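Per chain, numbering begins at 1; letters A, B, ... match sequence-line order. These numbers come from a predicted model, not from an experiment.
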2 protein chains.
Amino acid sequence: MNSITVLLVDDHLVVRSGLKALLGTQPDLDVVAEAASGEEALELVAQLAPAVVVMDLAMGAGMDGIEAIRQLRQRNSRQAILVFTTYDSDADIVRAVDAGAMGYLLKDATPDEIFAAIRGAVQGKSVMSAPVASRLFQQLRNPDEVLTPREAELLGLLTEGLSNRELGQRLFISEATVKTHLAHIYAKLGVETRAAAIATAIRREGMR
Amino acid sequence: MNSITVLLVDDHLVVRSGLKALLGTQPDLDVVAEAASGEEALELVAQLAPAVVVMDLAMGAGMDGIEAIRQLRQRNSRQAILVFTTYDSDADIVRAVDAGAMGYLLKDATPDEIFAAIRGAVQGKSVMSAPVASRLFQQLRNPDEVLTPREAELLGLLTEGLSNRELGQRLFISEATVKTHLAHIYAKLGVETRAAAIATAIRREGMR
DNA sequence: AGCGGCATCAGCCAAAAGGCTGAGAGACCA
DNA sequence: TGGTCTCTCAGCCTTTTGGCTGATGCCGCT
């Protein structure tokens, strides 16, 4: 019947045309437009009101995917938003779901997974790749491992390579307090040294 | 005339088909095969002897792109190898060129750039995206800041969060030697602590 | 009022990391 | 052959980190 209208958002032309070619093999899926940036996506959604938006998170310049999702939600548009990206970083997943994404697919998903996700999304089903799902579950199962705001702040500075003294100065707290926070952070991250903390933080939060 | 035969190597189906669609618009470019892994690529090159191999560096499982390039070179095959990847990390660029890549393109390159690169590659020209080129130049201008192989190896392990003792055990060298290497690495990276070294290494090398 | 979570700080001690100097072996190159 | 680079190792000393214990004030919830 009515085919499902799809908007593709990805800053890489190659990915867009690949996805378009792929979706073109399905009679019920209809790619009505492509956007190379978040801004473009917002415009096209307003104009075309596609049923599904398939969106990459990393966008070269300007608004990133997360922000685009958030803005789409705010304009209470009723598109189902599917994240389609290369990386499965904890922070990205949580932020995307939080911003209002219906599903989260990795770029190495099989065609069938992609089709199923899009069809599911319009029906309100939320679909995600297996590795993504497992990460989400882990977040939910271990709320103990969620950093407090202050700890997160400290961890952020930690990944810049600051020493305890510098951390203290930057946050206007004593070195003793810095050490206390660090101990908590290490425990929550499951590491024992600041080096490991930095490594896991940068890798798992997708910090750059 | 004789069209240019191309082999695409990328673990993402979407990227492959996008690239294929793109190259399909050019009468003189002929995608004769696609590979999803380094191993597959080696096989297909042996069978089909394409004129150009367009290869992603990050391959999900098994042999990565760099290794594939190296092996292709060792089998003194005469393909021109073009790297086509998302990130422009210093280490990747150097390693790819070192392994024998003819060119280095980023995935946000325009179609024309991609076409030109492929055509240039078969003629022995080496082509690279502007940001890539500038990084390479910087490397050439500051040879003092280039890590030795051993140092790079150590830095790689460092970003896993290992201690000096663990580094030594892993590399079969004494802790004293580890500290020597680290001192050199810090000097070259322009940092003073391992924390900062890890931070800059992960961020600038695109390590994950 | 009481309890728990959060942020703050202190002191003590052991372990790890970092700065410095010096040095030998092998590879490579002019 | 001599110079340079790389990798290897040692000792010594200072600074930094990390582990542990304990403590205070604040806020929010019951």
Give a yes or no on whether the backbone of B:Ile198 and the side-chain of B:Thr159 come within a donor-acceptor separation of less than 3.5 Å.
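No; zero donor-acceptor contacts below 3.5 Å.
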What pair of heavy atoms forms the shortest contact from A:Leu106 to A:Phe84, and how long is it?
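Heavy atoms of A:Leu106 and A:Phe84 come nearest at O-CE1, 3.7 Å.
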Tell me: [atom1] of [X] to [atom2] of [N], nearest whole Å?
X        : N      : atom1 : atom2 : value
B:Gln169 : C:dA16 : CD    : C1'   : 14 Å
A:Lys179 : D:dC20 : NZ    : P     : 13 Å
B:Arg194 : D:dG18 : CZ    : C1'   : 14 Å
B:Glu192 : C:dC20 : CD    : C1'   : 15 Å
A:Tyr186 : D:dC20 : OH    : C1'   : 15 Å
A:Glu153 : C:dC6  : CD    : C1'   : 14 Å
B:Ile198 : D:dT17 : CD1   : C1'   : 13 Å
A:Arg165 : D:dG18 : CZ    : C1'   : 16 Å

Does the C:dC9 base have a donor-acceptor partner in the side chain of A:Thr180 within less than 3.5 Å?
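Indeed, a donor on one side and an acceptor on the other fall under 3.5 Å apart.
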Give one of base, sugar-phosphate or nothing for A:Glu175, where a contact means two heavy atoms less than 4.0 Å apart.
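The residue A:Glu175 makes no contact with any strand.
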Regarding B:Thr193, tell me which of base, sugar-phosphate or nothing describes its non-hydrogen contacts under 4.0 Å with the strands shown.
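The residue B:Thr193 makes sugar-phosphate contact but no base contact.
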Would you please confirm or rule out a distance under 4.0 Å between OP1 or OP2 of [N] and any side-chain N or O of [X]?
X        : N     : answer
B:Thr177 : D:dC9 : yes
B:Ser174 : D:dC9 : yes
B:Arg150 : D:dC5 : no

Looking only at side-chain N and O atoms, does A:Asp56 offer a donor or acceptor that is under 3.5 Å from a partner on A:Thr85?
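A:Thr85 vs A:Asp56: donor-acceptor pair found between side chains.
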Go through the side-chain N and O atoms of B:Thr177 and B:Ser174 and say whether any donor and acceptor fall under 3.5 Å apart.
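Yes, side-chain donor-acceptor contact under 3.5 Å.
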Specify the residue among B:His181 and A:Leu182 whose closest nucleotide of DNA chain D lies further upstream toward the 5′ end.
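By nearest-heavy-atom nucleotide position, the 5'-most residue is B:His181.
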Minimum-distance nucleotide to A:Asn164 side chain [options: C:dC9, D:dT17, C:dG18]
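The answer is D:dT17.
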More than 12 heavy atoms of other residues, nucleotides or ligands under 6.0 Å from CD of B:Gln47: yes or no?
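Atom CD in B:Gln47 is crowded, with more than 12 foreign heavy atoms closer than 6.0 Å.
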